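Taking it in order: structure first as structure tokens, then the write-up.
Counting convention: from 1, in listed order, for ligands and their atoms alike. Treat the numbers as computed from the prediction; the structure is a model and nothing was measured.
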Amino acid sequence: MTNILEVRDIHTYIGQFYILQGVTVSVPANSITVLLGRNGAGKTTTLKSILGLTAPRGGEVQFDGQKIGGKRPFDIARLGIGYVPEHRAIFKSLSVRENLEIAERSKGDLDKRIEMIFDLFPDLKRLYQLPGGQLSGGQQQMLAIARALVPDNRLLLIDEPSEGLAPVIIEHLMNVIRKLTDHTTVLLVEQNFIVARNLATRYVIIEEGRSVHSGEMSALVQDQALIQRYLGAA
Ligand SMILES: Nc1ncnc2c1ncn2[C@@H]1O[C@H](COP(=O)(O)OP(=O)(O)O)[C@@H](O)[C@H]1O
Ligand SMILES: [Mg+2]
């Protein structure tokens, strides 16, 4: 199995705070890997470290066989990594169409991928001319993910997509995220364990800035003790 992303023992500071103290994550291509862990464990910082937004001081990040540590966020993104941050960062005053247009990395990106995006998110076709701010929470999350699909990204980093959404919307969102692996690879952060175990084939548990466990999701779901200890979820 080829891993499209290898994060090896990274150490990240934010200001003088030593936040990541050894995080290792392997992400196989065309699958979903989830980062688990309690609030404040370092999941978001791991995504930001991969992107160079909080550049690691130690360790190594390899994307598609290439070392990307030390590159600037813009250059890392251009290699084909899309970021869907927490709290669905869309432009509320721009239309759905404009939100997608400004996500282009090269001219013509949107034209090339609009059919695929409408296939995945039929709602966005119907809402194309509406301001992002008039969309429901679920629709805004779909738009946030769709934006990351406009460039031909080979890896998407998606932070807590289900946060604050109603169960029926989460169900719909899960179906969409599952389909993303036809087109790309996903590294997901998810606090909702039901969502995580339904989507991911592999998991990494982060605890106090360290990756403490990783493996196949099918093994984790059998291990109630581990789930209780690190996630406090059933
Ligand atoms: N800008 C910051 N300044 C200081 N500490 C921060 C900052 N951002 C995050 N942290 C700290 O880093 C730790 C990890 O945060 P984060 O990666 O956001 O956790 P998670 O996403 O797992 O909830 C937390 O203890 C948090 O308080
Ligand atoms: Mg977070």
Side-chain angles (χ1 to χ4, degrees), residues 5-27 32-61 63 68-69 72-74 76-77 81-90 137-138 140-145 147-148 153 155-165 169-170 173-174 177 180 185-200 202-215 217 220 226-234:
L5 181 77
E6 292 281 5
V7 176
R8 291 199 196 94
D9 193 28
I10 56 168
H11 294 250
T12 298
Y13 288 75
I14 299 179
Q16 80 268 38
F17 300 105
Y18 184 22
I19 306 289
L20 298 187
Q21 309 185 4
V23 169
T24 295
V25 180
S26 298
V27 179
I32 302 175
T33 299
V34 68
L35 300 181
L36 298 168
R38 294 176 195 270
N39 248 329
K43 304 179 297 296
T44 296
T45 308
T46 299
L47 298 188
K48 288 184 173 173
S49 295
I50 293 164
L51 284 162
L53 293 168
T54 54
R57 283 203 209 161
E60 193 177 284
V61 181
F63 173 63
I68 60 173
R72 292 169 308 163
F74 173 77
I76 292 174
I81 303 181
Y83 183 33
V84 185
E86 269 175 298
H87 313 304
R88 358 188 195 289
I90 60 150
Q140 289 186 18
Q141 185 62 67
M142 306 287 175
L143 177 56
I145 295 171
R147 283 170 47 82
N153 283 319
L155 175 66
L156 299 190
L157 310 178
I158 309 182
D159 202 346
E160 306 238 21
S162 76
E163 198 184 8
L165 299 180
I169 309 295
I170 293 177
L173 185 71
M174 284 200 289
I177 293 176
L180 294 179
T185 301
V186 176
L187 177 58
L188 186 71
V189 168
E190 188 51 72
Q191 298 249 38
N192 181 333
F193 187 64
I194 295 171
V195 174
R197 75 168 191 212
N198 270 300
L199 286 178
R202 293 189 59 80
Y203 74 92
V204 177
I205 296 176
I206 301 184
E207 167 97 340
E208 295 181 358
R210 294 184 176 86
S211 47
V212 289
H213 272 279
S214 60
M217 183 55 84
L220 178 62
L226 194 65
I227 293 171
Q228 271 305 324
R229 177 165 171 205
Y230 290 111
L231 310 173

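Looking at heavy atoms from C-beta onward, L51 lies out of side-chain contact with K48 at the 4.5 angstrom threshold. Side-chain contact between I158 and L180 is present, with heavy atoms from C-beta onward closer than 4.5 Å.
If you check the side chains of T12 and T54, you find no donor sitting under 3.5 Å from an acceptor.
To the nearest 0.5 angstrom, L47 atom CG is 9.5 Å from E160 atom CD.
Residue contact annotation: N39 places no N/O/S atom under 2.8 Å from the Mg ion (ligand 2).
The main-chain N or O of I206 is never found under 3.5 Å from a side-chain atom of K43 such that the two would form a donor-acceptor pair.
For M217 against A196, the heavy-atom pair with the smallest separation is CE-O, 3.6 Å.
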Can you give me a line-by-line list of nitrogen or oxygen pairs between ligand 1 and the protein shorter than 3.5 Å?
residue: ligand 1; atom: 17 (O); partner: T44; partner atom: N; Å: 3.4
residue: ligand 1; atom: 17 (O); partner: T45; partner atom: N; Å: 2.9
residue: ligand 1; atom: 17 (O); partner: T45; partner atom: OG1; Å: 2.5
residue: ligand 1; atom: 19 (O); partner: G42; partner atom: N; Å: 3.3
residue: ligand 1; atom: 21 (O); partner: T44; partner atom: N; Å: 2.9
residue: ligand 1; atom: 21 (O); partner: T44; partner atom: OG1; Å: 2.8
residue: ligand 1; atom: 22 (O); partner: A41; partner atom: N; Å: 3.2
residue: ligand 1; atom: 22 (O); partner: G42; partner atom: N; Å: 2.9
residue: ligand 1; atom: 22 (O); partner: K43; partner atom: N; Å: 2.8
residue: ligand 1; atom: 22 (O); partner: K43; partner atom: NZ; Å: 2.8
residue: ligand 1; atom: 23 (O); partner: G40; partner atom: N; Å: 2.7

